Every structure is written in structure tokens, then in C-alpha cells.
Amino acid sequence: MNIQHTLETEVKKAVLSLFEVELPSVEFQPTRKDFEGDITVVVFPMLRFVKGNPAQIGEQIGEFLVEAVAEVVAFNVIKGFLNIVISDEYYLHFFNGIRSQENFGYATPADSDAVMVEYSSPNTNKPLHLGHIRNNLLGYSVAEILKAAGKKVYKTQIINDRGIHICKSMVAWQRFGSGETPESTGLKGDKLVGNYYVTFDKAYKEEIAKLVAEGADLKVAEKEAPILQEAQEMLRNWEAGDEEVVALWKKMNGWVYEGFDVTYKNLGVDFDQLYYESNTYLLGKDVVADGLEKGVFYRKDDGSVWIDLTDEGLDEKIVLRSDGTAVYMTQDIGTAIQRVKDYPDIGGMVYTVGNEQDYHFKVLFLILKKLGFSWAEKLHHLSYGMVDLPSGKMKSREGTVVDADDLMVEMTQTAGNISEELGKLEEYSETEKQQLYKMIGLGALKYYILKVDPKKRILFDPEESVDFQGNTGPFIQYTYARIQSILRKADSLGVPMEAVDTKVGLHPKEKELLKQLRHFPETIQLAAQQYSPALIANYTYDLVKGFNSFYQQVSILGETNVDQKSFRVQLSKKVAEVVQSAFLLLGIQVPERM
RNA sequence: GGCCCUGUGGCGCAACUGGAUAGCGCAUCUGACUACGAAUCAGAAGGUUACAAGUUCGAAUCUUGUCAGGGUCACCA
């Protein structure tokens, strides 16, 4: 069935009969646009086994293939490249195969071999910002891609709900808050709590300045500022289980969660299972004790426990403090093991965390391997670069952040402005319009972020905002909407939608589209293997560009030949379906009109 | 300083993982709406892939060195 597979065996047969040599493999690539052909065999690698002129060898193999394989209708050889032309019938036959197939490109879902994908994982002392958006979009999209590639997926996050950061907001609220609540202020809960985090920092700095003015050393002042001491005291009380502190902590975290829920909903991401650091930060200590017995870890004189990774080219790393309390690493070891206990079918995990933690995860994975967990081989740190502003790094404390909610509102407004100018939506109601603007605005934002290789840092300039023209989400959404328009018209004209006559013959643009459609399933697999939404984004862009070119050159509904017209309508429909499927994997919706 | 990531036309990104003449979008310049929707299409101009050696039939991609930017080297998370 698969043409490349057939060709591979036939090329091997050809070489065997022509030169009496068995090839271990054959290298294929899609033929470049400038040459005639559909698929290309690279002859050069064969020279290691077959002596001779690559051009001649190509010719001979080409002639053999035309004889042996029905689908091969012609060939040409340029330098060491054998370009093979595949028949139109083959492509039309392929199209009939996928014509009415739902979920074309998606692998059949498996019940075993689950993957847990962690993303978002915010602190609970401040609202989500642009950096979190990148994290969320990446994690969500990778989870969807893995599903489409046939994996069972659990989406999760670990919420950093305890620690000095939330205590700072709590102290500031107690001191300056005079009982404010989200209800009394009309603020989203996460915004309210975030404000107090900023308030804390301001008060803290003032106190330092005051102490320094009174003659204190700066370092000492930073440590001894009363408000900081108060926050530290509060953290100790929290750990001791002080009822009043715990109640305040619950209340303020609750506000934050309500706020987060709104943001997540607007962003279109979700989770199957939540983990809270307040429940997991004590986990892992038993594992360390076990590892100590096995000799994976060792204890220093002061009682702290370490692992020596110098043989692997890394450093020594602490896994338990001298007072016996857990560190970040201890917690992550424990959480990983807990997750596999909760979901025994997990065969691997993906951690969506910024690249400043590359080292941490390298060490974590190595430790889990040394502890002998089979699934430790299949852990992946989905590392991504920072989102920087022209002014530099985003800092919540200093208020130099692009807020997630604000950004989504702005994107929606921009989409609205552009739409109003174009004025194609007279018959839409106001709420329908708002929904559509949001779809387009978010589409622009998501595509803008996801089309870039995660490893690269993004410089985000709020002044220039995100493009709506060219290689963008709206460009692709627009093409989808235009196809829908054609389909509505075709429906009212009663264009037949039956299997296509494989003798109709193909326009070069049609063949181009069919070739691209054929690559969708393997693109999903590749994207899953590489944890790369960017591959899906780029694929979709190429497909849409191909369609627009086709659309401009070939008349669809104006075609007089009924078979031809039917094929073109159905081809358009399939392109739209693939665009929709692909965009779903990126978490982007597509509109009927725009 | 050690380790990790990045460096591709003015700007933002690609390049099927070592293949052919390095593609695309903004921006600039030309054309195409009385048309299946111009948020589109067709074309022009713009490159020594940071630099230098090496590996081979063949390098943006692999190796080594240099330069630039970022990250990380806490009994913080």
C-alpha cells in the first residue's frame, strides 16, 4: 500500500538483479519543486556498495522501476538523484481512501503505554503572565499531539501552593489589606493576591532603606527587615500547622485558584489531575532512605544526604538537608514515584518547564534511573526558552510583566478592530462576533508562540503586537473559512460527493495538495516523537499555502466537468478537515466565517 | 571559570535530521477584486548560514577552536 515501502523493495530488487549486490537500505526524499517528479532516490549512498557512475546507476534503476512498478510512470536522473514520477491514479486512489475517513492522520488510541504531561505549575502568589502562556500552550499542545499519535495521556500540573512566596502575600494582606476580598474589590482573585505580593516587596524595600539610613549594613538589613522576618515566621507557623495561618493560606489560595480557572478556561487548556506541593513536599524522604541503603546516596558528617554524579560529568547534589527536611529534588523524586503509583499504566512523563531548570531535570532523571525505575528511561524535560520583553526580563515583583488575561483581551480587541474594518460579518449578532474575535485573537497568539522551536527564546514586543497577516493563525483560519464558504455553495448547488473517478487526471496544484495531505499522519508521529508543536504549525502553513495557490489558479465551482468539480470540492473539504484537526492539536479553533 | 542552549537576507522564522540552486512571512518595489471571500494570489529585490580550520561524493546541519547572547552551577523552589 505504502508507495515508499514498495519502492524500497523494488529498488533493492533492481540493484540485486543489475549489480548482484544487496542494499541494506534505500534513501528517499520528496522531490524538490524545481524538478519533475514526486519522490527521489538518492543514489550516492549506494556507491559504497555499487561501483560506477551515479548517473548511470540511477538510469538503470529508473528503467527497472518503470517496468516493475505500475505506479511509476516516468523518471529522470540529475546528478546522483533519481526522480520518480508517480501516476495520477495512485494519488486519486489514495484520495478515495481518505475521502470520507474521519480523524485522518490520527493513530488509533492505545489503552496502555500512557504518558503523563505536566505543564503550567504556577506559584500561587501572583497571576499568570506571558511566560506561563508559552508553558501552557506548549504543554497542552504536546499532550494533544501525543494523543493523536496514539498515546494515552494524562495532563497534570503541580501547584506550588506553599513556601515563602505565598507567605509574603499573606503578610502584606494582613498588614495593609483591611479585609479586602475579590468580591469587595471586584478584582480577580489571583490579581488581588498578586497585588499584595507587589505591596510586600515595596514595603520590604522601604524597610531596608530605613535600616540602611539608620546605619545598618545592606546585607544585614535585607535579612533583618521586620516584614521579611514576619513572612518567615509565618512559614514556620504554617509548617507547624497553626490553624489561623493555615486558614488564611487556604482562603488566599482559594482566591488564586478561582482566578486561575478563569484564565485557563479562556486559554482553552485543562488538566486531568492536579498535584499540590503542600501534599507532595514531604514525599520522597522514604525513597532517599531506601537509596541510602542501596548505596545510591551517601550521608555526610553533618547528616545531609547527597548523590555523587561526578562520574557522569555532573556535580554532587544534595537530596536531604542536614535537619532531615526535604529539598526541591527530594520532592520531585517523591512526586514522580507517587504519580506512577496513582496511574500504574504510566510508561513515561513529560515535564514542561523553562530551560533555566535544564540541570535540575538532568539530575532528577539520572537519580530516578539509578534508583532503578524502569520508566525513568522515558522521562522528558520539555524545555523552552524565556519570553523576554524589549525592556528585558519579566519580573512580577516589579510589575514588568505582560499579564495573561490582559494580553488575551488585547488580542481579542485587535482581531475585532481588523474584522470591523473588513466588515464581512453584518449578519452576526454581537455575542457571535465577540466569540469570533476571541477565536481569531487567540489563534494569532497561540500560533505566534507555537510555530517557534521551543528551545529558542522569544522576544515579545507589546507595541508591535502579533501579526494577523502572512504566516499567522488568522491566515490559516481565513483559508478554512473560505473553504467553508465554498462548501456551503457546493451543497446548495448539489455537487455530488461520491468516490472520485481515478481517471480524471490531476492539475499540478491538485497533485501538490494530495502529496501534502499524504504527509499528515507521519507529521503527527514526528511531532510526537520530537515533542514539537512547531512541526504541526509549519505543516499546516504549507498545506494552506498550497491550497491558496490552487484556489487562485484553478476554478472549483466554475469547472464544467462534473467529475472534476466534484473532486475539487471534496479535495477542498479534506484540506479544511486536516487544517481543523491540525489546529486542534495546537489548541486553536477554526471559524465558519470571519 | 566548568557545563547547557542559541547564532540563518533589515526584522521574525523554515530547511524532511548529512543531500540538489538555503525556503517562507513581515517591511520595500510591481502586478491581480464587475471573479468560488484580496486577512488572498503572482512577481522583483535582498545570503560567504557569526568566524576559522577539519571530516566526505556532498555541511546551515557532524568534529575542534574562536567570538557574541542567554541560562545554570544554593542545605530556594
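Throughout, protein chains are lettered first and strands after them, A, B, ... in sequence-line order, and every chain is numbered starting at 1. Since the structure is predicted, the reported quantities are computational estimates derived from the model, not experimental observations.
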What is the nucleic acid contact for Glu27(A), judged by heavy atoms within less than 4.0 Å: base, sugar-phosphate only, or nothing? base
With respect to the phosphate group of G7(B), does any side-chain polar atom (N or O) of Arg457(A) fall under 4.0 Å of OP1 or OP2? no
Considering every strand and a 4.0 Å limit on heavy-atom distances, what is the contact class for Asn83(A): base, sugar-phosphate, or nothing? base
Is the Phe550(A) to Phe547(A) ring centre distance short of 6.0 Å? yes
Is any side-chain N of the basic residue among Lys219(A) and Glu222(A) closer than 4.0 Å to the acidic one's carboxylate O? no
Under 4.0 Å between a side-chain N/O of Ser549(A) and OP1 or OP2 of A42(B), yes or no? yes
With a cut-off of less than 4.0 Å, is there a side-chain N or O of Lys33(A) near OP1 or OP2 of U21(B)? no
Would Phe475(A) pass as stacked on A39(B), i.e. its ring centre under 5.5 Å from the base's six-membered ring centre and planes under 30° apart? no
Pairwise C1' distance, U61(B) and A20(B) [rounded to whole Å]: 16 Å
Using purine N1 to pyrimidine N3 plus N6-O4 or O6-N4 for Watson-Crick, or N1-O2 and O6-N3 for G-U wobble, each under 3.5 Å, what pairs with G25(B)? C11(B)
Taking N and O atoms by type only, does the side chain of Thr40(A) place a donor or acceptor under 3.5 Å from a partner on the base of A20(B)? yes
Between A14(B) and Lys456(A), is there an OP1 or OP2 to side-chain N/O distance shorter than 4.0 Å? yes
Pair assignment for U63(B), Watson-Crick or G-U wobble, requiring both distances under 3.5 Å: A53(B)
Quantified in whole Å, what is the C1' atom distance between nucleotide G58(B) and nucleotide U17(B)? 15 Å
Both distances below 3.5 Å, Watson-Crick or wobble geometry, any strand: find the nucleotide opposite G1(B). C73(B)
Presence of donor-acceptor pair under 3.5 Å, side chain of Ser419(A) and base of A39(B): yes
Does a side-chain N or O of Lys424(A) approach OP1 or OP2 of A39(B) to a distance below 4.0 Å, or not? yes
Scan every strand shown for a Watson-Crick or G-U wobble partner of G37(B), both distances under 3.5 Å, and answer none if you come up empty. none
Integer angstrom distance from the C1' of G9(B) to that of A27(B): 12 Å
Is any side-chain N or O of Ser485(A) closer than 4.0 Å to OP1 or OP2 of G37(B)? yes
Along RNA chain B (nearest heavy atom to each residue), the more 5'-positioned of Asp358(A) and Tyr328(A): Asp358(A)
Does the ring center of Tyr541(A) lie less than 6.0 Å from the ring center of Phe475(A)? yes
Just label C33(B) as syn or anti from its O4'-C1'-N9-C4 or O4'-C1'-N1-C2 angle, using within 90° of 0 for syn. syn
Look at Tyr551(A) and A38(B) and indicate whether a side-chain polar atom (N or O) is within less than 4.0 Å of OP1 or OP2. yes
hbond_proxy Asn548(A) side chain to A38(B) base (donor-acceptor, 3.5 Å cutoff): no
One thing to verify: whether Glu512(A) and Lys33(A) come together as a salt bridge, which I'm taking to mean a side-chain N less than 4.0 angstrom from a carboxylate O. no
Rounded to the nearest 0.5 Å, how far does CD1 of Ile333(A) lie from CZ of Phe365(A)? 12.0 Å
Looking only at atom C1', what distance separates A52(B) and A15(B), rounded to whole Å? 25 Å
Please compare Ile440(A) and Asn471(A) by the position of their nearest nucleotide in RNA chain B and report the one closer to 5'. Asn471(A)
Is the phosphate of A39(B) approached by Tyr478(A) (side-chain N or O, under 4.0 Å from OP1 or OP2)? yes
Using a heavy-atom cut-off of under 4.0 Å over every strand shown, decide if Pro54(A) touches base, sugar-phosphate, or nothing. nothing
Expressed as a whole number of angstroms, how long is the span from Glu277(A):CD to A77(B):P? 8 Å
Using Watson-Crick or G-U wobble geometry with both distances below 3.5 Å, tell me the partner of A68(B), or none. U6(B)
Categorize Phe35(A) for me: base, sugar-phosphate, or nothing, with a 4.0 angstrom heavy-atom threshold over every strand shown. base
N/O (side chain, Lys455(A)) to phosphate O (OP1/OP2, G71(B)) under 4.0 Å: no
Rounded C1' spacing from A39(B) to U21(B) in Å: 33 Å
Determine the contact category for Met594(A): base if any of its heavy atoms lies under 4.0 Å from a base atom, sugar-phosphate if only primed atoms, P, OP1 or OP2 are that close, otherwise nothing. base
For Lys362(A) and U72(B), is the shortest distance between a side-chain N/O and OP1 or OP2 below 4.0 Å? no
Provide the distance between the two C1' atoms, one in G65(B) and one in U28(B), to the nearest whole Å. 40 Å
Tell me what Asp453(A) touches on the nucleic acid: a base, only sugar-phosphate, or nothing, going by heavy atoms under 4.0 Å. sugar-phosphate
In whole angstrom, give me the gap between the C1' atoms of C26(B) and U63(B). 37 Å
Just checking Leu422(A): base, sugar-phosphate only, or nothing, at a heavy-atom cut-off of under 4.0 Å? base
State whether Glu312(A) and Lys362(A) are salt-bridged, where the test is any N-O pair (Lys NZ or Arg NE/NH1/NH2 against Asp/Glu carboxylate O) under 4.0 Å. no
Nucleotide C36(B), atom P - distance to CG of Asn561(A) in whole Å: 20 Å
Taking only side-chain N and O atoms of Lys79(A), does any of them lie within less than 4.0 angstrom of OP1 or OP2 on C57(B)? no
Any base atoms under 4.0 Å from Val554(A), or only sugar-phosphate, or nothing? Heavy atoms, all strands. base
Please give the distance between the P atoms of C16(B) and A22(B) as a whole number of Å. 15 Å
Students often get this wrong, so: under 4.0 angstrom with heavy atoms, is Gln331(A) touching a base, only sugar-phosphate, or nothing? sugar-phosphate
Provide, to the nearest angstrom, the distance between the CD atom belonging to Gln469(A) and the C1' atom belonging to A27(B). 12 Å
Spacing of Ile39(A) atom CD1 and Lys515(A) atom NZ [to the nearest 0.5 Å]: 9.5 Å
Syn/anti label of U55(B) as read from its glycosidic torsion, with the cut at 90° from 0: anti
Round to the nearest Å and state the distance from Asp38(A) atom CG to A20(B) atom P. 18 Å
Check: Phe19(A) ring centre within less than 6.0 Å of Phe49(A) ring centre: no
Are Asp38(A) and Lys511(A) ion-paired here, with the side-chain N under 4.0 Å from a carboxylate O? yes
